[in-house]
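Report on the structure given below.
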Amino acid sequence: MKFISEVAWGRIFIASVILLVYTMLTGCNKQDIDRFIEQHLSAKTPVGDPVDRNFEDIKESGVLRIITSYSASTYFLHQGMDAGFSYELLNAFANEHDLVLQVVILGPDDDPQNLLNSGDGDVIATNYNVTSEQKETVNFTRPYNIVDQVVVYAADLEDKPKTFGELSESGLPVTARRNSPGYYHLNRLWHQGHDLIVREAPDHIDTESLLAQVADGRINAVITDDKTFHSAKNYMQGLATGPTIAEKDTIAWAVRKNSPELETQLNSFLRNHFWFTDNGKRVNRSTFLNILEQRYFEESPKLEAYYNPESNYSNVGLFSSYADLVKSTADSLDLNWLLLTSIIAQESNFNSESKSWAGAVGLMQILPRYSTTEYQHLYKPEINIREGAGIIKQHLDRYAYLDSLNQWSFALATYNAGIGHMIDARRLVMEQNRDPNQWENVADALLMLMQRRYYQHARYGYCHGIETVQYVKQVLNRYQTYKKVVSISQQRGGSAGL
């Protein structure tokens, strides 16, 4: 039996050193050695006690954090905008509760349950299958999907095993991601005595990338769920399905054990979109969920763009056709191009023909009355981006004496609300003997300017402060997501395989 990860040899070396000393001191036999190595390699990083952040706290903060991976079936960027089955489903829940959905993308060394219990995220949405082992540290919601776990081969692989028994006898290596449901099932089958050779993929390589390596002939076989396989097969040549190793895995979200109200709210939402009839034999989905299934597990432009390596590994594919224009404009003004991209996404969803109810137009929503450019020219991307970037640069220079985070927060708030409301908010902060150079204080004041007892004494009157506070939060959150995605894409683009 061979179930030793290719990335586990460092732990084996450490175990060997400890074992050498242990053997010299105790004279242990072979059975003791086998038991020692198995215990050492199966040891997990302990998950800490969950923080006290319940649904009321989430509602008060206005932000729900989703812990997810970067993949076609969970979360990815399509022309700079958020996409993915898991993201859209949970975003629908967030919208019902007037929450902003913040994405926490798993990195190579991240453990989703540690991120959950530490409070860095609130819901794990990574196609988790419900297992008794994971129930020890998290609570699962109702399921929102049912999948089978299948082995996928390169189509031109000779003598492909047709059954699990043949696979067990073939000596053919099967690759699986460490935290994937497929890995869990292979591990279970190995412990039941099946002779398997399993290669553990690094955590930063997603299942779709592994399927691409199978299609290219770089690896022989991978395990994935049937929906991901059928989705990938629409855009990848050279894939063939093998035996099913697990049927009807229930896929659900995971929450902290001390978040019963969040679990209840999520279950109430899912109950309206996914349910069983005929004594659990028949699966029913809402119209909305069927649309998501079609969008992310059948042919679609978004998936085609995701599975296209050229677009997936380039800034143009990730951040729309305006990426080069944004980068050159940002470079000319010494601005962060990803932050500028985040502003455009928030302002117009990269729609150059966009026009707001207030008359702001174009990619960066420029108000014609504040521009010297002729109205019709403001719809031209190069002009609109140049003007918007110039305004952002002016705001940043105005707050140049602040640290970077406060400087950008103040500049973004001024871009959204205007300098007048920012002056009123900072004056209100000073009247309360608080620091007007700290964004959290000014954010509080902007919210206060929605109340009559405060805005009636303000020079510029009422301010819809909640919009500005959320605007700053969303732009900065999107910027953090963009940075993480760029890093992941660079890793994938430079990866030659396992």
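Reckoned from all heavy atoms, side chains included, excluding hydrogens, waters and symmetry mates. These figures come from a predicted structure and were not determined experimentally. By convention here, the first residue in the shown sequence is residue 1.
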Taking [Y]'s backbone N and O only, do any of them form a donor-acceptor pair with [X]'s side chain (distance below 3.5 Å, no angle check)?
X	Y	result
Tyr296	Gly84	yes
Gln102	Asn477	no
Asp148	Asp226	no
Ser168	Gly165	no
Ser268	Thr264	no
Thr74	Ser69	yes
Lys135	Phe140	no
Asn351	Ser348	no
Asn127	Ile251	no
Asn267	Arg142	yes

Under the salt bridge (Lys or Arg N to Asp or Glu O under 4.0 Å) test, which residues partner [X], sequence neighbours left out?
X	result
Glu263	none
Arg53	Asp122
Lys59	none
Glu293	Lys227, Arg285

Test item: [X] and [Y] side chains (from C-beta on) under 4.5 Å apart, heavy atoms:
X	Y	answer
Val123	Leu262	yes
Val174	Leu196	no
Asp249	Tyr128	no
Asn54	Asp57	yes
Tyr482	Leu77	yes
Phe229	Leu239	yes
Ile392	Trp408	yes
Glu208	Tyr235	no

Straight-line distance of [X] [atom1] to [Y] [atom2], nearest 0.5 Å:
X	Y	atom1	atom2	answer
Thr241	Lys162	OG1	NZ	13.0 Å
Asp82	Arg478	CG	CZ	4.5 Å
Ser354	Glu347	OG	CD	8.5 Å
Arg386	Met364	CZ	CE	12.5 Å
Leu89	Leu266	CG	CG	9.5 Å
Ile223	Leu211	CD1	CG	11.5 Å

Inset, instruction - Could you name each residue pair satisfying salt bridge (charged side-chain N to carboxylate O under 4.0 Å, His left out) that touches residues 63-75, not counting sequence neighbours? - result: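 Passing the test, one end in residues 63-75: no pairs.
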Legend entry - Inter- and intrachain pairs under salt bridge (charged side-chain N to carboxylate O under 4.0 Å, His left out), touching residues 83-101, at least two apart: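 Qualifying pairs: Glu88-Arg295, Glu88-Lys302.
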Heavy-atom count check: over 12 atoms from other residues, nucleotides or ligands less than 6.0 Å from [X] [atom1]?
X	atom1	value
Lys233	NZ	no
Asp334	CG	no
Glu166	CD	yes
Asp159	CG	no
Gln237	CD	no

Inset, instruction - Kindly determine whether Asn95 and Asn91 satisfy side chain to side chain contact (heavy atoms under 4.5 Å, CB included), including the steps that lead there. - result: CA-CA 6 Å; Asn95 288 335; Asn91 193 47; 3.6 Å; yes
Inset, instruction - Might you work through the side chain to side chain donor-acceptor pair (under 3.5 Å) test for Asn234 and His230, ending with a clear yes or no? - result: CA-CA 7 Å; Asn234 288 321; His230 289 299; over 6 Å; no
Results of side chain to side chain contact (heavy atoms under 4.5 Å, CB included) for [X] - residues two or more places apart only:
X	answer
Asn272	none
Asn220	Leu157, Leu172, Pro173
Ser118	Asp120

Inset, instruction - May I have the step-by-step check of side chain to side chain contact (heavy atoms under 4.5 Å, CB included) for Leu339 and Leu476, ending in yes or no? - result: CA-CA 7 Å; Leu339 268 165; Leu476 293 178; 4.0 Å; yes
Inset, instruction - Using the ring-ring contact (aromatic ring centres under 6.0 Å, His included) rule, collect all pairs that involve residues 242-275, keeping only residues at least two apart or in two chains. - result: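 Checked against ring-ring contact (aromatic ring centres under 6.0 Å, His included) - neighbours excluded - the pairs reaching residues 242-275 are Phe93-Phe269, Tyr144-Trp253, Phe269-His273, His273-Phe288, Phe274-Phe276.
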Inset, instruction - For residues 151-174, pull every pair meeting ring-ring contact (aromatic ring centres under 6.0 Å, His included), keeping only residues two or more places apart or in separate chains. - result: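 Only Phe164-His194 qualify under ring-ring contact (aromatic ring centres under 6.0 Å, His included).
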Legend entry - For Lys248, side-chain hydrogen bond (donor to acceptor under 3.5 Å, both in side chains) partners two or more places apart: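 Residues passing side-chain hydrogen bond (donor to acceptor under 3.5 Å, both in side chains) with Lys248: none at all.
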Inset, instruction - Step through it carefully: locate the ring centre of Tyr322, locate the ring centre of Phe350, and say whether they are under 6.0 Å apart. - result: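 Aromatic pair excluded; centres sit 6.0 Å or further apart.
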Inset, instruction - List the atom of Pro381, the atom of Ser352, and the distance in Å for their closest heavy-atom pair. - result: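 In this case the closest contact between Pro381 and Ser352 is CG-CB, 4.2 Å.
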Legend entry - Minimum heavy-atom distance between Thr277 and Asn284, given as atom pair plus value: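 Closest pair (atom of Thr277, atom of Asn284, distance): OG1-ND2, 2.9 Å.
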Legend entry - Exercise: do His185 and Arg188 side chains pair donor with acceptor under 3.5 Å: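 Short answer, yes.
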Inset, instruction - Could you walk me through whether Lys473 and Val100 pass the side chain to side chain contact (heavy atoms under 4.5 Å, CB included) test, one step at a time? - result: CA-CA 9 Å; Lys473 186 180 298 182; Val100 174; 5.6 Å; no
Inset, instruction - Mind running side chain to side chain contact (heavy atoms under 4.5 Å, CB included) on Tyr479 and Val475 for me, showing each step along the way? - result: CA-CA 6 Å; Tyr479 166 65; Val475 171; 5.6 Å; no
